[in-house]
There are 2 protein chains.
Amino acid sequence: MAEPSGRTFSDADEEIMRATYRALREYGYADLTIKRIAAEYGKSTAAIHYHYDTKEELLAAFLDYILNRFVASIREVETTDPEARLTVLLDKLLVAPQENPDLSVALLEMRSQAPYNEAFAERFRQNDEYVRYLVKAVINHGIDEGAFADVDADRVTRSLLTIVDGARTRSVVFDDVGEYERARATAAEYVDATLREGDA
Amino acid sequence: MAEPSGRTFSDADEEIMRATYRALREYGYADLTIKRIAAEYGKSTAAIHYHYDTKEELLAAFLDYILNRFVASIREVETTDPEARLTVLLDKLLVAPQENPDLSVALLEMRSQAPYNEAFAERFRQNDEYVRYLVKAVINHGIDEGAFADVDADRVTRSLLTIVDGARTRSVVFDDVGEYERARATAAEYVDATLREGDA
């Protein structure tokens, strides 16, 4: 499987993405404007429009950007042991967003707009497919090595991502980052029940 | 625990709620107006404003209305066997919305607005607390009767609702009602792993 988005970011793009990140955290999705992103960027709105025609195009790029960041953080993990890798993946997917609760808010707003915005829908689908590919590969590796029970890796992966998405939604709707820690425990229980049943 | 919302609906309220339901399915949350609800209601906007001052007030009432409907559907279940009741509860929470996919879309939009709308946030919290109360009571009943292992019922309940909310979000974002069926299987696996471990 290739890079998740296939998109690379120039230095200017990177700066605009970081400005978008700050603006989304401050204003949320509904009140986000190119003007506000430009203010964070420290340049004119024309300087942003030189790179992105519309706000929607910029936000679609932003979704690629945060997936790329997630994938880069996964690449840093050097262990090839399937159990350790699965633990790290779940830790990263379910870490409580202590420094960016407002980005979670903006992301849920963008998710809720997927039915109306094909560019968003496509990115969320791509992101989900890529993360599923990563989790499934680790589970299949563990099955091959005899570390995990011989399960349907796709099914187990989808269950884990349902738990992840439940935590993401609940933490925003109920304004409670504790949802992540509880979901991490649920995911661990689910992993123990499904993947370890064969080697008790 | 008292009625979830404590709110009762007059015949006129009921009709307005049904009109809101249809309007939400047709237009979604963002494009919903009192005028569109009035068109579904078959009366003037003034007739709606006689009951509800603002759109937000009406929609908060609508969230009470759908919780009342859910609770009423639970009441119909006559079995007192904890295992059978838990199955029914999970079936009802995770039934694929074949006839109202667009209501799920509108509900996710409203959930994403909870951080900005205290009336919505309060309703979603109330709904969640009430459903958790129902699930937890069934699990505790099963523990008391020796049908379930002696688990922390609150923890297991929260895990199950995280799976439910994951399915709700994913079905909208990925436009795939199959998420419900898969999540129902995940919930069943989780129930088997946690509640049945003691009586294998």
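In the text below, chain A, chain B and the rest are named by the order of the sequence lines, each starting its count at 1.
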query = Roughly how far apart are Met110(A) CE and Ser112(B) OG, rounded to 0.5 Å?
reply = 11.5 Å
query = Got a second to check how far Phe174(A)'s CZ is from Phe124(B)'s CZ, nearest 0.5 Å?
reply = 8.0 Å
task = Would you give the length of the straight line joining atom OH of Tyr190(A) to atom CD1 of Ile163(B), rounded to the nearest 0.5 angstrom?
result = 8.0 Å
task = Please determine if Arg125(B) and Asp175(A) form a salt bridge, counting it only when a charged side-chain N lies under 4.0 Å from a carboxylate O.
result = no
key: Cluster link Val71(B) to Tyr133(B), ILVMFWY, side chain under 4.5 Å   = yes
task = Salt-bridge test for Asp128(A) and Arg170(B): reply yes if a basic N is under 4.0 Å from a carboxylate O, no otherwise.
result = yes
inquiry  = Within the 4.5 Å heavy-atom criterion, are Pro115(B) and Val172(A) side-chain neighbours or not?
reply    = yes
ask   = Is Glu181(B) atom CD crowded by more than 12 heavy atoms from other residues, nucleotides or ligands, each under 6.0 Å away?
value = no
ask   = What is the distance from atom OG of Ser171(B) to atom CG of Asp165(A), rounded to the nearest 0.5 Å?
value = 11.0 Å
ask   = Would you say the side chain of Glu109(A) lies within less than 4.5 Å of the side chain of Glu109(B), judging by non-hydrogen atoms?
value = no
task = Decide yes or no for Leu108(B) and Leu108(A): does some side-chain heavy atom of the first lie under 4.5 Å from some side-chain heavy atom of the second?
result = yes
ask   = When only pairs under 4.5 Å are counted, which of Ala114(A), Ser159(A), Ala185(A) shares the most heavy-atom pairs with chain B?
value = Ser159(A)
ask   = What's the shortest heavy-atom distance between Arg111(B) and Thr169(A), and which atoms?
value = NH1-CG2, 3.6 Å
task = Take Val173(A) and Phe120(B), measure what side chain to side chain contact (heavy atoms under 4.5 Å, CB included) needs, and give me the verdict at the end.
result = CA-CA 9 Å; Val173(A) 177; Phe120(B) 287 2; over 6 Å; no
message = So which atom in Thr162(A) and which in Ala167(B) form the shortest heavy-atom distance, rounded to 0.1 Å?
response = CG2-N, 3.6 Å
request  = Looking only at non-hydrogen atoms, find the nearest pair between Tyr116(A) and Tyr29(B) and report the distance.
outcome  = OH-N, 4.2 Å
message = Taking atom NZ as the centre, does Lys55(A) end up with more than 12 heavy-atom neighbours from other residues, nucleotides or ligands that are less than 6.0 angstrom away?
response = yes
query = Between Arg155(B) and Glu189(A), is there a salt bridge with N-O shorter than 4.0 Å?
reply = yes
ask   = Given a strict heavy-atom distance threshold of 4.5 Å, which part of Leu161(B) is in contact with chain A: side chain, backbone, both, or neither?
value = both
query = Does Tyr27(B) have any side chain to side chain donor-acceptor pair (under 3.5 Å) partners at least two apart in sequence or in another chain, and if so, which?
reply = none
